[in-house]
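One-based numbering along the sequence shown.
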Amino acid sequence: MKHSKKMIFALLALAMSQTSVAAPVALDRVSVQINDGIVLESEIKNMITTVRANAKAANQTLPSDEALRTQVIERLILTHLQMQMAERIGLQIGDLQLDQTIENIAKEQKMSVAQMQQSIESEGTSFSQYREQLRQEITLGEIQRIQVQRRIQVSPQEISGLVKLIEEQGLKDVEFQIGHILIEVPSNPSSEQLESSSRRAEIVLRRLKEGDDFRSTAIASSSGPKALEGGIWDFMNINEMPTLFAEVVNSAKKGDIIGPIKSGSGFHIIKVIDTRGLQTQEVSEVKSRHILLKPSPILSEERAKAMLDNFLAQIRSGDADFAKLAKQYSEDPGSGAKGGELGWADPGMYVPEFSQTLASLEEGQISEPFRTTHGWHIVQLESRRTTDATDQFNSNRAHQLIFRRKFNEELQNWLDEMRSEAYIEIIEPETKRG
(Lines give C-alpha, C1' and ligand atoms only; values in the text may rest on other atoms or scores of the structure.)
Protein backbone atom coordinates (compact mmCIF):
# COMPACT_ATOMS: atom_id res chain seq x y z
CA MET A 1 0.00 0.00 0.00
CA LYS A 2 2.84 2.40 0.91
CA HIS A 3 4.57 1.59 -2.36
CA SER A 4 1.32 2.31 -4.21
CA LYS A 5 1.02 5.77 -2.58
CA LYS A 6 4.59 6.67 -3.50
CA MET A 7 3.87 5.71 -7.10
CA ILE A 8 0.74 7.96 -7.20
CA PHE A 9 2.64 10.94 -5.76
CA ALA A 10 5.43 10.43 -8.29
CA LEU A 11 2.98 10.39 -11.16
CA LEU A 12 1.25 13.55 -9.85
CA ALA A 13 4.59 15.34 -9.55
CA LEU A 14 5.50 14.34 -13.10
CA ALA A 15 2.16 15.59 -14.41
CA MET A 16 2.53 18.91 -12.54
CA SER A 17 6.05 19.43 -13.84
CA GLN A 18 4.89 18.81 -17.42
CA THR A 19 1.97 21.20 -16.96
CA SER A 20 4.21 23.93 -15.58
CA VAL A 21 6.41 24.02 -18.67
CA ALA A 22 3.60 23.72 -21.25
CA ALA A 23 2.91 26.81 -23.36
CA PRO A 24 -0.09 28.79 -22.06
CA VAL A 25 -3.21 28.61 -24.20
CA ALA A 26 -5.37 31.76 -24.32
CA LEU A 27 -9.00 30.68 -24.16
CA ASP A 28 -10.48 34.17 -24.41
CA ARG A 29 -9.76 37.70 -23.31
CA VAL A 30 -11.48 40.98 -22.53
CA SER A 31 -11.26 43.24 -25.59
CA VAL A 32 -13.51 46.16 -24.60
CA GLN A 33 -14.72 47.51 -21.28
CA ILE A 34 -18.06 49.33 -21.46
CA ASN A 35 -19.05 50.89 -18.13
CA ASP A 36 -19.21 47.85 -15.82
CA GLY A 37 -19.53 45.37 -18.69
CA ILE A 38 -17.11 43.74 -21.09
CA VAL A 39 -16.87 42.53 -24.67
CA LEU A 40 -14.90 39.32 -25.12
CA GLU A 41 -12.59 38.67 -28.04
CA SER A 42 -14.74 35.66 -28.94
CA GLU A 43 -17.77 37.97 -29.47
CA ILE A 44 -15.78 40.11 -31.89
CA LYS A 45 -14.49 37.07 -33.81
CA ASN A 46 -17.98 35.53 -34.02
CA MET A 47 -19.48 38.73 -35.45
CA ILE A 48 -16.63 39.14 -37.93
CA THR A 49 -17.24 35.55 -39.09
CA THR A 50 -20.95 36.30 -39.55
CA VAL A 51 -20.29 39.51 -41.49
CA ARG A 52 -17.81 37.72 -43.75
CA ALA A 53 -20.28 34.89 -44.40
CA ASN A 54 -23.04 37.37 -45.25
CA ALA A 55 -20.70 39.31 -47.54
CA LYS A 56 -19.66 36.12 -49.33
CA ALA A 57 -23.29 35.10 -49.82
CA ALA A 58 -24.06 38.56 -51.25
CA ASN A 59 -20.90 38.55 -53.40
CA GLN A 60 -19.82 41.74 -51.61
CA THR A 61 -16.25 42.87 -51.09
CA LEU A 62 -15.08 43.81 -47.59
CA PRO A 63 -12.50 46.35 -46.42
CA SER A 64 -9.28 45.48 -44.60
CA ASP A 65 -9.42 43.21 -41.55
CA GLU A 66 -8.56 46.18 -39.31
CA ALA A 67 -11.36 48.37 -40.70
CA LEU A 68 -13.87 45.52 -40.39
CA ARG A 69 -12.79 44.84 -36.81
CA THR A 70 -13.23 48.53 -35.93
CA GLN A 71 -16.79 48.55 -37.27
CA VAL A 72 -17.68 45.30 -35.49
CA ILE A 73 -16.35 46.63 -32.18
CA GLU A 74 -18.42 49.81 -32.62
CA ARG A 75 -21.58 47.76 -33.29
CA LEU A 76 -20.93 45.62 -30.21
CA ILE A 77 -20.34 48.71 -28.06
CA LEU A 78 -23.75 50.12 -29.05
CA THR A 79 -25.42 46.73 -28.52
CA HIS A 80 -23.93 46.34 -25.04
CA LEU A 81 -24.89 49.90 -24.07
CA GLN A 82 -28.50 49.22 -25.05
CA MET A 83 -28.56 45.89 -23.20
CA GLN A 84 -27.15 47.62 -20.11
CA MET A 85 -29.94 50.19 -20.33
CA ALA A 86 -32.51 47.39 -20.63
CA GLU A 87 -31.08 45.75 -17.51
CA ARG A 88 -31.19 49.04 -15.58
CA ILE A 89 -34.89 49.55 -16.26
CA GLY A 90 -35.73 45.90 -15.61
CA LEU A 91 -36.65 45.02 -19.20
CA GLN A 92 -36.52 41.24 -19.60
CA ILE A 93 -37.79 39.01 -22.38
CA GLY A 94 -38.96 35.86 -20.59
CA ASP A 95 -39.08 32.34 -22.01
CA LEU A 96 -42.85 32.44 -22.46
CA GLN A 97 -42.65 35.57 -24.61
CA LEU A 98 -39.68 34.15 -26.53
CA ASP A 99 -41.50 30.88 -27.19
CA GLN A 100 -44.51 32.85 -28.47
CA THR A 101 -42.29 34.84 -30.87
CA ILE A 102 -40.63 31.67 -32.17
CA GLU A 103 -44.06 30.08 -32.77
CA ASN A 104 -45.14 33.18 -34.72
CA ILE A 105 -41.96 33.14 -36.83
CA ALA A 106 -42.47 29.44 -37.58
CA LYS A 107 -46.09 30.11 -38.62
CA GLU A 108 -44.96 32.92 -40.95
CA GLN A 109 -42.53 30.48 -42.56
CA LYS A 110 -45.30 27.86 -42.78
CA MET A 111 -43.50 25.29 -40.67
CA SER A 112 -43.62 23.86 -37.18
CA VAL A 113 -41.18 24.94 -34.46
CA ALA A 114 -39.51 21.53 -34.72
CA GLN A 115 -39.06 21.96 -38.48
CA MET A 116 -37.66 25.45 -37.98
CA GLN A 117 -35.23 24.15 -35.36
CA GLN A 118 -34.05 21.45 -37.75
CA SER A 119 -33.55 24.05 -40.50
CA ILE A 120 -31.53 26.34 -38.21
CA GLU A 121 -29.33 23.53 -36.93
CA SER A 122 -28.70 22.28 -40.48
CA GLU A 123 -27.02 25.66 -41.15
CA GLY A 124 -24.58 25.08 -38.28
CA THR A 125 -26.27 27.20 -35.57
CA SER A 126 -27.49 25.61 -32.35
CA PHE A 127 -31.15 26.30 -31.55
CA SER A 128 -30.26 27.57 -28.07
CA GLN A 129 -27.86 30.04 -29.67
CA TYR A 130 -30.63 31.14 -32.06
CA ARG A 131 -33.03 31.62 -29.12
CA GLU A 132 -30.60 33.85 -27.23
CA GLN A 133 -29.81 35.88 -30.35
CA LEU A 134 -33.54 36.37 -30.93
CA ARG A 135 -34.02 37.32 -27.26
CA GLN A 136 -31.37 40.01 -27.69
CA GLU A 137 -32.96 41.31 -30.92
CA ILE A 138 -36.36 41.61 -29.22
CA THR A 139 -34.76 43.35 -26.24
CA LEU A 140 -32.97 45.84 -28.49
CA GLY A 141 -36.19 46.60 -30.36
CA GLU A 142 -38.09 47.17 -27.14
CA ILE A 143 -35.47 49.32 -25.41
CA GLN A 144 -35.27 51.48 -28.54
CA ARG A 145 -39.04 51.82 -28.64
CA ILE A 146 -39.26 52.68 -24.93
CA GLN A 147 -36.39 55.17 -24.87
CA VAL A 148 -36.84 56.82 -28.26
CA GLN A 149 -40.63 57.02 -28.40
CA ARG A 150 -40.72 59.34 -25.40
CA ARG A 151 -38.44 61.78 -27.26
CA ILE A 152 -40.81 62.13 -30.22
CA GLN A 153 -43.60 64.66 -30.50
CA VAL A 154 -45.79 64.80 -33.60
CA SER A 155 -47.89 67.95 -33.59
CA PRO A 156 -51.34 68.30 -35.18
CA GLN A 157 -49.85 71.04 -37.36
CA GLU A 158 -47.23 68.62 -38.75
CA ILE A 159 -49.92 66.04 -39.53
CA SER A 160 -52.27 68.50 -41.21
CA GLY A 161 -49.34 69.97 -43.14
CA LEU A 162 -48.35 66.57 -44.55
CA VAL A 163 -51.97 65.66 -45.35
CA LYS A 164 -52.34 68.99 -47.20
CA LEU A 165 -49.09 68.36 -49.09
CA ILE A 166 -50.33 64.93 -50.15
CA GLU A 167 -53.66 66.35 -51.28
CA GLU A 168 -51.92 69.02 -53.33
CA GLN A 169 -49.11 66.97 -54.85
CA GLY A 170 -50.14 63.37 -54.37
CA LEU A 171 -47.99 60.87 -52.52
CA LYS A 172 -44.48 60.87 -53.98
CA ASP A 173 -44.68 57.80 -56.23
CA VAL A 174 -41.02 56.80 -55.90
CA GLU A 175 -39.12 54.95 -53.18
CA PHE A 176 -35.39 55.39 -52.78
CA GLN A 177 -32.77 52.93 -51.57
CA ILE A 178 -30.17 55.16 -49.97
CA GLY A 179 -26.50 54.53 -49.32
CA HIS A 180 -25.14 56.65 -46.46
CA ILE A 181 -21.62 57.32 -45.20
CA LEU A 182 -21.03 59.50 -42.15
CA ILE A 183 -17.60 60.93 -41.44
CA GLU A 184 -18.01 61.75 -37.77
CA VAL A 185 -16.72 64.82 -35.95
CA PRO A 186 -16.18 64.86 -32.16
CA SER A 187 -18.43 66.81 -29.81
CA ASN A 188 -17.33 70.46 -29.65
CA PRO A 189 -14.61 69.90 -32.28
CA SER A 190 -11.59 72.12 -32.68
CA SER A 191 -10.99 73.78 -36.04
CA GLU A 192 -8.25 71.21 -36.71
CA GLN A 193 -10.60 68.28 -36.00
CA LEU A 194 -13.29 69.81 -38.20
CA GLU A 195 -10.83 70.34 -41.03
CA SER A 196 -9.50 66.78 -40.68
CA SER A 197 -13.02 65.29 -40.92
CA SER A 198 -13.80 67.51 -43.91
CA ARG A 199 -10.64 66.33 -45.72
CA ARG A 200 -11.51 62.67 -45.00
CA ALA A 201 -15.01 63.21 -46.41
CA GLU A 202 -13.62 64.77 -49.59
CA ILE A 203 -11.19 61.85 -50.02
CA VAL A 204 -14.01 59.30 -49.58
CA LEU A 205 -16.21 61.22 -52.04
CA ARG A 206 -13.41 61.36 -54.64
CA ARG A 207 -12.76 57.61 -54.35
CA LEU A 208 -16.45 56.82 -54.76
CA LYS A 209 -16.66 58.98 -57.86
CA GLU A 210 -13.58 57.21 -59.21
CA GLY A 211 -15.45 53.91 -58.91
CA ASP A 212 -14.70 52.48 -55.44
CA ASP A 213 -17.37 50.09 -54.16
CA PHE A 214 -19.82 52.01 -51.96
CA ARG A 215 -20.60 49.16 -49.56
CA SER A 216 -17.01 48.25 -48.74
CA THR A 217 -16.14 51.96 -48.44
CA ALA A 218 -19.00 52.46 -45.97
CA ILE A 219 -17.88 49.50 -43.85
CA ALA A 220 -14.34 50.88 -43.81
CA SER A 221 -15.10 54.57 -43.29
CA SER A 222 -18.63 55.28 -42.04
CA SER A 223 -19.73 56.04 -38.49
CA GLY A 224 -23.39 55.87 -39.53
CA PRO A 225 -25.98 53.46 -38.08
CA LYS A 226 -25.92 51.16 -41.14
CA ALA A 227 -22.14 50.99 -41.55
CA LEU A 228 -21.88 47.20 -41.14
CA GLU A 229 -24.67 46.79 -43.71
CA GLY A 230 -22.56 48.69 -46.23
CA GLY A 231 -24.36 51.94 -45.40
CA ILE A 232 -27.52 50.71 -47.16
CA TRP A 233 -30.98 51.71 -45.89
CA ASP A 234 -34.13 49.87 -46.94
CA PHE A 235 -36.37 51.43 -49.59
CA MET A 236 -38.12 54.50 -48.18
CA ASN A 237 -40.72 56.94 -49.41
CA ILE A 238 -39.47 60.52 -49.24
CA ASN A 239 -42.02 61.39 -46.54
CA GLU A 240 -40.65 58.84 -44.07
CA MET A 241 -36.88 59.05 -44.61
CA PRO A 242 -34.68 61.19 -42.33
CA THR A 243 -34.97 64.88 -43.18
CA LEU A 244 -31.32 65.09 -44.26
CA PHE A 245 -31.92 62.41 -46.91
CA ALA A 246 -35.25 63.84 -48.06
CA GLU A 247 -33.83 67.31 -48.65
CA VAL A 248 -31.17 66.10 -51.10
CA VAL A 249 -32.66 63.09 -52.94
CA ASN A 250 -35.93 64.71 -53.99
CA SER A 251 -34.70 65.38 -57.51
CA ALA A 252 -31.85 62.86 -57.60
CA LYS A 253 -31.68 59.86 -59.88
CA LYS A 254 -30.24 56.36 -59.52
CA GLY A 255 -26.47 56.38 -59.16
CA ASP A 256 -26.16 60.01 -58.04
CA ILE A 257 -23.64 60.66 -55.26
CA ILE A 258 -24.33 63.74 -53.12
CA GLY A 259 -22.14 65.42 -50.54
CA PRO A 260 -20.35 66.03 -48.37
CA ILE A 261 -23.25 67.56 -46.42
CA LYS A 262 -22.38 69.10 -43.06
CA SER A 263 -24.56 68.46 -40.01
CA GLY A 264 -24.07 68.48 -36.26
CA SER A 265 -22.85 64.87 -36.30
CA GLY A 266 -20.38 65.20 -39.17
CA PHE A 267 -20.10 65.08 -42.95
CA HIS A 268 -22.58 62.94 -44.87
CA ILE A 269 -22.18 61.34 -48.29
CA ILE A 270 -25.35 59.98 -49.84
CA LYS A 271 -25.78 57.77 -52.89
CA VAL A 272 -29.04 56.84 -54.58
CA ILE A 273 -28.45 53.09 -54.86
CA ASP A 274 -31.79 52.32 -56.50
CA THR A 275 -35.28 53.67 -57.10
CA ARG A 276 -38.59 51.97 -57.69
CA GLY A 277 -42.26 52.76 -58.01
CA LEU A 278 -44.00 53.07 -54.67
CA GLN A 279 -44.66 49.54 -53.40
CA THR A 280 -47.16 50.53 -50.73
CA GLN A 281 -49.92 51.88 -52.95
CA GLU A 282 -52.34 49.96 -50.77
CA VAL A 283 -52.15 49.69 -47.01
CA SER A 284 -53.58 46.67 -45.17
CA GLU A 285 -55.31 47.68 -41.94
CA VAL A 286 -56.88 45.67 -39.15
CA LYS A 287 -59.69 46.40 -36.73
CA SER A 288 -59.16 44.63 -33.43
CA ARG A 289 -59.83 44.66 -29.70
CA HIS A 290 -57.87 43.24 -26.81
CA ILE A 291 -57.69 42.67 -23.08
CA LEU A 292 -54.38 43.46 -21.37
CA LEU A 293 -53.22 42.27 -17.95
CA LYS A 294 -49.92 43.57 -16.57
CA PRO A 295 -47.93 41.26 -14.28
CA SER A 296 -46.86 42.87 -11.01
CA PRO A 297 -45.71 41.84 -7.52
CA ILE A 298 -49.40 41.23 -6.80
CA LEU A 299 -50.33 39.59 -10.13
CA SER A 300 -47.84 36.90 -11.17
CA GLU A 301 -47.10 35.93 -14.78
CA GLU A 302 -48.83 32.58 -14.29
CA ARG A 303 -51.89 34.15 -12.67
CA ALA A 304 -52.25 36.76 -15.42
CA LYS A 305 -52.14 34.07 -18.12
CA ALA A 306 -54.56 31.86 -16.18
CA MET A 307 -57.06 34.74 -15.87
CA LEU A 308 -56.94 35.29 -19.62
CA ASP A 309 -57.37 31.55 -20.24
CA ASN A 310 -60.49 31.73 -18.08
CA PHE A 311 -61.80 34.84 -19.90
CA LEU A 312 -61.24 33.10 -23.23
CA ALA A 313 -63.18 30.02 -22.13
CA GLN A 314 -66.06 32.19 -20.88
CA ILE A 315 -66.22 34.21 -24.14
CA ARG A 316 -66.14 31.10 -26.32
CA SER A 317 -68.86 29.38 -24.29
CA GLY A 318 -71.06 32.49 -24.41
CA ASP A 319 -70.96 32.98 -20.64
CA ALA A 320 -69.17 36.34 -20.89
CA ASP A 321 -68.94 39.30 -23.27
CA PHE A 322 -65.53 40.41 -24.59
CA ALA A 323 -66.33 44.14 -24.29
CA LYS A 324 -67.62 43.85 -20.72
CA LEU A 325 -64.56 41.88 -19.59
CA ALA A 326 -62.30 44.45 -21.26
CA LYS A 327 -64.05 47.34 -19.50
CA GLN A 328 -63.77 45.57 -16.15
CA TYR A 329 -60.30 44.05 -16.30
CA SER A 330 -58.17 45.45 -19.16
CA GLU A 331 -55.23 47.58 -18.03
CA ASP A 332 -54.84 49.38 -21.34
CA PRO A 333 -55.92 52.94 -20.47
CA GLY A 334 -56.53 53.81 -24.10
CA SER A 335 -58.86 50.97 -25.06
CA GLY A 336 -60.16 49.45 -21.82
CA ALA A 337 -63.00 51.93 -21.35
CA LYS A 338 -64.04 51.34 -24.99
CA GLY A 339 -64.45 47.60 -24.52
CA GLY A 340 -60.90 46.92 -25.68
CA GLU A 341 -61.49 48.51 -29.10
CA LEU A 342 -58.29 49.58 -30.89
CA GLY A 343 -60.00 50.76 -34.07
CA TRP A 344 -58.55 50.60 -37.57
CA ALA A 345 -54.75 50.61 -37.71
CA ASP A 346 -51.75 49.52 -39.73
CA PRO A 347 -50.63 46.39 -37.79
CA GLY A 348 -47.03 47.53 -38.21
CA MET A 349 -47.62 50.20 -35.58
CA TYR A 350 -47.99 47.53 -32.87
CA VAL A 351 -45.14 45.73 -31.09
CA PRO A 352 -43.95 42.69 -33.11
CA GLU A 353 -45.61 39.99 -31.00
CA PHE A 354 -48.99 41.77 -31.20
CA SER A 355 -48.66 42.34 -34.95
CA GLN A 356 -47.59 38.73 -35.57
CA THR A 357 -50.50 37.38 -33.53
CA LEU A 358 -52.99 39.49 -35.52
CA ALA A 359 -51.45 38.20 -38.75
CA SER A 360 -52.14 34.61 -37.66
CA LEU A 361 -55.88 35.17 -36.93
CA GLU A 362 -58.94 34.83 -39.12
CA GLU A 363 -61.64 37.50 -38.94
CA GLY A 364 -63.66 37.05 -35.74
CA GLN A 365 -61.06 34.73 -34.18
CA ILE A 366 -59.68 35.37 -30.68
CA SER A 367 -56.07 34.50 -29.91
CA GLU A 368 -54.75 32.36 -27.13
CA PRO A 369 -53.06 34.42 -24.36
CA PHE A 370 -49.68 35.79 -25.46
CA ARG A 371 -46.99 37.96 -23.91
CA THR A 372 -45.53 41.25 -25.12
CA THR A 373 -43.45 43.79 -23.25
CA HIS A 374 -46.72 45.48 -22.24
CA GLY A 375 -48.04 42.36 -20.50
CA TRP A 376 -50.39 39.45 -21.28
CA HIS A 377 -53.06 39.86 -23.98
CA ILE A 378 -55.87 38.17 -25.74
CA VAL A 379 -56.81 39.89 -29.00
CA GLN A 380 -59.71 39.49 -31.39
CA LEU A 381 -59.30 40.29 -35.06
CA GLU A 382 -62.62 41.90 -35.96
CA SER A 383 -61.97 42.79 -39.60
CA ARG A 384 -59.36 43.51 -42.28
CA ARG A 385 -59.41 46.07 -45.05
CA THR A 386 -57.12 47.49 -47.71
CA THR A 387 -57.02 51.23 -48.19
CA ASP A 388 -55.48 53.20 -51.03
CA ALA A 389 -52.61 55.07 -49.46
CA THR A 390 -52.27 57.33 -52.50
CA ASP A 391 -55.81 58.60 -52.90
CA GLN A 392 -57.16 58.25 -49.37
CA PHE A 393 -54.22 59.49 -47.32
CA ASN A 394 -55.46 60.11 -43.78
CA SER A 395 -54.11 61.64 -40.60
CA ASN A 396 -53.25 58.25 -39.05
CA ARG A 397 -51.04 57.36 -42.00
CA ALA A 398 -49.47 60.83 -42.00
CA HIS A 399 -48.71 60.43 -38.30
CA GLN A 400 -47.00 57.08 -38.96
CA LEU A 401 -44.78 58.51 -41.71
CA ILE A 402 -43.72 61.49 -39.59
CA PHE A 403 -43.16 59.23 -36.58
CA ARG A 404 -40.95 56.82 -38.57
CA ARG A 405 -38.85 59.70 -39.90
CA LYS A 406 -38.38 61.20 -36.44
CA PHE A 407 -37.74 57.77 -34.90
CA ASN A 408 -34.76 57.14 -37.19
CA GLU A 409 -33.35 60.58 -36.38
CA GLU A 410 -33.90 60.37 -32.61
CA LEU A 411 -32.61 56.80 -32.40
CA GLN A 412 -29.24 57.93 -33.71
CA ASN A 413 -29.23 60.93 -31.33
CA TRP A 414 -30.00 58.66 -28.37
CA LEU A 415 -27.26 56.20 -29.29
CA ASP A 416 -24.75 59.03 -29.73
CA GLU A 417 -25.65 60.51 -26.34
CA MET A 418 -25.44 57.16 -24.59
CA ARG A 419 -22.04 56.44 -26.12
CA SER A 420 -20.62 59.86 -25.25
CA GLU A 421 -21.64 59.45 -21.60
CA ALA A 422 -20.25 55.91 -21.24
CA TYR A 423 -16.84 54.75 -20.05
CA ILE A 424 -15.36 52.81 -22.98
CA GLU A 425 -11.87 51.34 -23.18
CA ILE A 426 -10.70 49.25 -26.12
CA ILE A 427 -7.99 46.88 -24.87
CA GLU A 428 -5.47 45.87 -27.50
CA PRO A 429 -3.69 42.50 -27.17
CA GLU A 430 -0.19 42.53 -25.61
CA THR A 431 1.50 41.64 -28.90
CA LYS A 432 -0.05 44.62 -30.67
CA ARG A 433 0.79 47.00 -27.83
CA GLY A 434 4.36 45.77 -27.72
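Using a 4.5 Å heavy-atom threshold, the side chains of Thr386 and Glu285 count as separate. Side-chain contact between Pro260 and Glu202 is present, with at least one heavy-atom pair separated by less than 4.5 Å. Annotation: side chain of Arg289 is not in contact with side chain of Val379 (no heavy-atom distance under 4.5 Å). Considering only heavy atoms from C-beta on, Gln380 stays 4.5 Å or farther from Ile315 through its side chain.
Other residues, nucleotides and ligands place more than 12 heavy atoms under 6.0 Å from the CZ atom of Arg151. Enclosure of atom NZ in Lys226 by more than 12 non-hydrogen atoms of other residues, nucleotides or ligands within 6.0 angstrom is indicated.
For the residue pair Asp234 / Gln177, no side-chain donor-acceptor distance below 3.5 Å is found, with atom types taken as modelled.
Between Arg135 and Glu132 there is a salt bridge, with a side-chain nitrogen of the basic residue lying less than 4.0 Å from a carboxylate oxygen of the acidic one. The pair Arg419-Asp416 fails the salt-bridge criterion, with no side-chain N (NZ, NE, NH1 or NH2) lying under 4.0 Å from an Asp/Glu carboxylate O. Comment: Arg145 engages Glu142 in a salt bridge, judged by a side-chain N to carboxylate O separation of less than 4.0 angstrom. Of the charged side-chain nitrogens involved, none lies within less than 4.0 Å of a carboxylate oxygen, so that Glu240 and Arg405 do not count as a salt-bridged pair.
For Phe322, there are no ring-ring contact (aromatic ring centres under 6.0 Å, His included) partners two or more places apart in sequence or in a different chain. Take Phe311 and apply the ring-ring contact (aromatic ring centres under 6.0 Å, His included) test, not counting sequence neighbours, and it matches Tyr329.
Note that the NZ atom of Lys271 and the CD1 atom of Ile181 stand 9.5 Å from one another [nearest 0.5 Å]. With rounding to the nearest 0.5 Å, the separation of CG in Leu358 from OG in Ser284 is 12.5 Å.
Ring-plane geometry between His377 and His290 is classed as parallel, the angle between the planes falling under 30 degrees on a 0 to 90 degree scale with a further cut at 60.
For residues 242-267, the pairs satisfying ring-ring contact (aromatic ring centres under 6.0 Å, His included) are His180-Phe245, Trp233-Phe245, with sequence neighbours left out.
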